[in-house]
Amino acid sequence: MSVYDEIEIEDMDFDSSTKIFYYPCPCGDRFQITLEQIKNRFDIAQCPSCSLQIRVIFDINSYEIYSKIK
């Protein structure tokens, strides 16, 4: 599987109400990955509008940190 880029989780926007991380996609939409996916160590964020994917770089402590944000 090829990925467009690798992005640190700290560089992504986090919506605490939906528990979703976002990152701008070149097509104008946003890559998305859920906190639950992070918990399950899934590291590929997809854009819902195009075929691009990015790899999200994180450690398992990221889940603990972001799961406490209200």
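Just so it is clear, the values below take in all heavy atoms, side chains as well, and ignore hydrogens, waters and symmetry mates.
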Practice task
Ignoring hydrogens and angles, tell me if any N or O in the side chain of S62 forms a donor-acceptor pair with the backbone of F58 under 3.5 Å.
Solution key: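 A pair under 3.5 Å: no.
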Practice task
Please check if the side chain of N61 supplies one atom and the backbone of E64 the other of a donor-acceptor pair under 3.5 Å.
Solution key: no
Practice task
I would like to know whether K19 and F14 meet side-chain contact (heavy atoms from CB on, under 4.5 Å); could you show each step before the answer?
Solution key: CA-CA 7 Å; K19 304 292 187 195; F14 181 63; 3.9 Å; yes
Problem - Residue list, ring-ring contact (aromatic ring centres under 6.0 Å, His included) with F31, at least two apart or on another chain - result: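 Partners of F31 under the ring-ring contact (aromatic ring centres under 6.0 Å, His included) test: none.
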Exercise for the section: Identify, with sequence neighbours excluded, every residue that meets ring-ring contact (aromatic ring centres under 6.0 Å, His included) alongside Y22. Expected result: none
Quick check for you: to the nearest 0.5 Å, what is the distance between [X] atom [atom1] and [Y] atom [atom2]?
X	Y	atom1	atom2	result
I44	R55	CD1	CZ	4.0 Å
Q46	S51	CD	OG	10.0 Å
K39	Y63	NZ	OH	4.0 Å
I60	I65	CD1	CD1	11.0 Å
L52	C25	CG	SG	4.5 Å

Handout entry: Pairwise side-chain contact, I54 with E6, heavy-atom cut-off 4.5 Å (strictly under)
Key = no
Problem - Validation row: P26, Y4 side chains within 4.5 angstrom (heavy atoms) - result: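 Contact flag for P26/Y4 side chains = yes.
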Looking at every heavy atom in both [X] and [Y], which two are closest together, and how far apart are they?
X	Y	answer
I9	V56	CB-CG1, 4.0 Å
Q32	P48	NE2-CG, 3.3 Å
L35	F21	CD1-CE1, 3.9 Å
F42	I33	O-CD1, 3.4 Å

Problem - side chain to side chain contact (heavy atoms under 4.5 Å, CB included) partner of T34, the single match among I20, T18, N40 - result: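 Exactly one pass, corresponding to I20.
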